[in-house]
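This report concerns only the one structure given below.
Quick caveat: nothing in here was measured; it's all calculated off a predicted structure.
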Amino acid sequence: MEFIIIPIVIGVLFLFSCFFTVKQQTAVVVERFGKFLSIRNSGLQLKIPIIDRIAGRVNLRIQQLDVIIETKTKDNVFVKMKVSVQFKVIQEKVYEAFYKLEYPHDQITAYVFDVVRAEVPKLKLDDVFERKDDIAIAVKRELNEAMMTYGYDIINTLVTDIDPDMQVKNAMNRINAADREKTAAEFESEAQRIRIVAKAKAEAESKRLQGQGIADQRREIARGLVESVEVLNNVGINSQEASALIVVTQHYDTLQAIGADTNSNLILLPNSPQAGSDMLNNMVASFTASNQVGEVMKNAPKRIKKKNDHTSTDYNPSDTSNPEEPTS
């Protein structure tokens, strides 16, 4: 009985070893006596036990390899860059991918290093950030040319990270902050200038209107004084006495205005009761003396000027004769 069971078990195992399954998006390389036989795709597959063997399985799905590279820019700044390479095995070239290339990840990494270290030293640090897509395109182009021979298709390459030294990043942040502070200062200065100009224009307009008001006020005062003098002249008061009377009246009006303000600390001198009378007498005397002097000078005879003698007794303002010329 035992001799019957053992062959049956061996036969069943032999039968099951003839079949194998291949997963979706996977290719299996089958060899016979160590020599390539065929490539089997997904599904249930058959092979001859002992004679045929599965040499390996190849993943046909898209894979990603992240490569971190440290390199130097044109302005001598060391940066670490992370390049993500998305690739897959071409289904029609499974044979090349399996037999021609043993370590595809190492091969891809070497090409990425070569391209990045050739492109980045041509650029300054700021340009590296701005032209990272150009670097990714250059990596993809180089990889496609090299890896297509080995049955690999480069789907995409992405520069996912650019990391300069910490001191460089801090310096860049300070530059950015200083630039923004400079812009803010310029805007603040412009705003302050606008406020100053507007305030100056407002003050100028205020001064102009104030001056115009003072001029109008003085014009009206002068017109009023003229009318007052005319009225006083009509009642027998001459111009000098009328002017003195108006001045005295304004003096007392000023005293009244000062006294009406309880918070005023202004003192007007003189302010005695006889101050108005003294002021009136002084003004009348001044006007009289001024008229007399004018009449005397107008009626004074002309005097001959002596050459090289310019004393006040020999000078008559109305005499315009030349002392060099002989008199008739």
Side-chain angles (χ1 to χ4, degrees), residues 1-71 80-119 132-133 135-161:
M1 187 67 180
E2 293 179 357
F3 294 102
I4 298 176
I5 295 176
I6 293 175
I8 293 175
V9 171
I10 294 174
V12 171
L13 293 176
F14 183 81
L15 180 63
F16 275 103
S17 62
C18 293
F19 298 95
F20 64 97
T21 58
V22 180
K23 294 181 179 181
Q24 187 68 32
Q25 290 297 334
T26 303
V28 172
V29 178
V30 178
E31 294 179 346
R32 177 170 294 175
F33 296 118
K35 182 180 179 181
F36 171 75
L37 177 63
S38 62
I39 296 173
R40 308 294 178 85
N41 295 319
S42 59
L44 181 63
Q45 302 292 336
L46 177 66
K47 68 179 179 65
I48 301 175
I50 301 174
I51 298 176
D52 298 338
R53 75 177 187 90
I54 298 175
R57 298 175 183 268
V58 178
N59 187 0
L60 300 180
R61 288 174 293 185
I62 296 177
Q63 305 174 60
Q64 178 168 312
L65 175 64
D66 294 330
V67 183
I68 298 177
I69 312 153
E70 185 175 11
T71 184
K80 288 184 179 180
M81 300 181 62
K82 181 179 179 181
V83 180
S84 298
V85 180
Q86 299 172 350
F87 64 96
K88 71 173 184 177
V89 176
I90 302 173
Q91 191 167 1
E92 293 77 13
K93 295 186 176 182
V94 175
Y95 177 86
E96 289 82 355
F98 186 79
Y99 285 102
K100 288 187 176 182
L101 196 60
E102 185 173 5
Y103 300 107
H105 287 189
D106 294 344
Q107 190 78 0
I108 292 173
T109 300
Y111 277 106
V112 171
F113 266 80
D114 181 66
V115 175
V116 170
R117 287 183 172 175
E119 294 292 330
K132 67 182 186 65
D133 291 339
I135 299 173
I137 292 173
V139 172
K140 181 181 178 182
R141 181 176 60 250
E142 187 72 19
L143 282 175
N144 261 330
E145 294 177 358
M147 301 302 293
M148 188 67 69
T149 307
Y150 304 110
Y152 286 88
D153 182 21
I154 306 301
I155 306 298
N156 203 359
T157 56
L158 303 172
V159 179
T160 56
D161 189 22

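Residues Q24 and S42 share a closest heavy-atom pair of OE1-OG, 3.4 Å. R40 and S38 make their closest contact through NE-OG, 2.8 Å (heavy atoms, listed as atom of the first residue, atom of the second, distance). The two residues G151 and K93 come nearest to each other via the heavy atoms CA-CB, 3.7 Å. Closest approach of K140 and I154 over heavy atoms only: CE-O, 3.7 Å. Heavy-atom minimum distance, V67 versus F113: CG1-CE1, 3.5 Å. Taking all atoms of both residues into account, the shortest heavy-atom contact from R57 to T21 is NH1-O, 3.5 Å.
I90 has its side chain out of reach of Y152: every pair of non-hydrogen atoms, C-beta onward, lies at least 4.5 Å apart. Here the side chains of L60 and V94 are in contact, with some heavy-atom distance below 4.5 Å. Annotation: side chain of L101 is in contact with side chain of M147 (closest heavy-atom distance under 4.5 Å). Annotation: side chain of K47 is not in contact with side chain of L37 (no heavy-atom distance under 4.5 Å). Counting heavy atoms from C-beta on, the side chains of N144 and D153 come closer than 4.5 Å. By the 4.5 Å heavy-atom criterion applied to side chains, Q63 and H105 are counted as neighbours.
Within a 6.0 Å sphere centred on CG of L44, other residues, nucleotides and ligands contribute more than 12 heavy atoms.
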Show me the side-chain donor-acceptor pairs of residues 27-35 shorter than 3.5 Å, one per line, residues at least two apart or across chains.
| residue | atom | partner | partner atom | Å |
| --- | --- | --- | --- | --- |
| E31 | OE1 | R53 | NH2 | 3.0 |
| E31 | OE2 | Y99 | OH | 2.7 |
| R32 | NE | D52 | OD1 | 2.6 |
| R32 | NH2 | D52 | OD1 | 3.4 |
| R32 | NH2 | D52 | OD2 | 3.0 |

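Residue I69 forms a side chain to side chain contact (heavy atoms under 4.5 Å, CB included) with just one option from R117, K80, K82, and that option is R117.
Atom CG of L143 and atom CD1 of I155 lie 12.0 Å apart (nearest 0.5 Å). Between L65 atom CG and F87 atom CZ the span is 6.0 Å, to the nearest 0.5 Å. Atoms NZ and CD, on K132 and E119 in that order, are 15.5 Å from each other to the nearest 0.5 Å. A distance of 13.0 Å separates OH in Y111 from CG in D106, rounded to the nearest 0.5 Å. For the atom pair I68 CD1 and D66 CG, the distance stands at 7.5 Å (nearest 0.5 Å).
For N59, the side chain to side chain donor-acceptor pair (under 3.5 Å) partners two or more places apart in sequence, or in a different chain, are R61.
A donor-acceptor pair under 3.5 Å is formed between the side chain of T157 and the backbone N or O of A136. A distance-only check finds no donor-acceptor pair linking the side chain of Q107 to the backbone of Y103 [under 3.5 Å]. Without hydrogens or angle criteria, N156 side chain to Q86 main chain gives no donor-acceptor distance under 3.5 Å.
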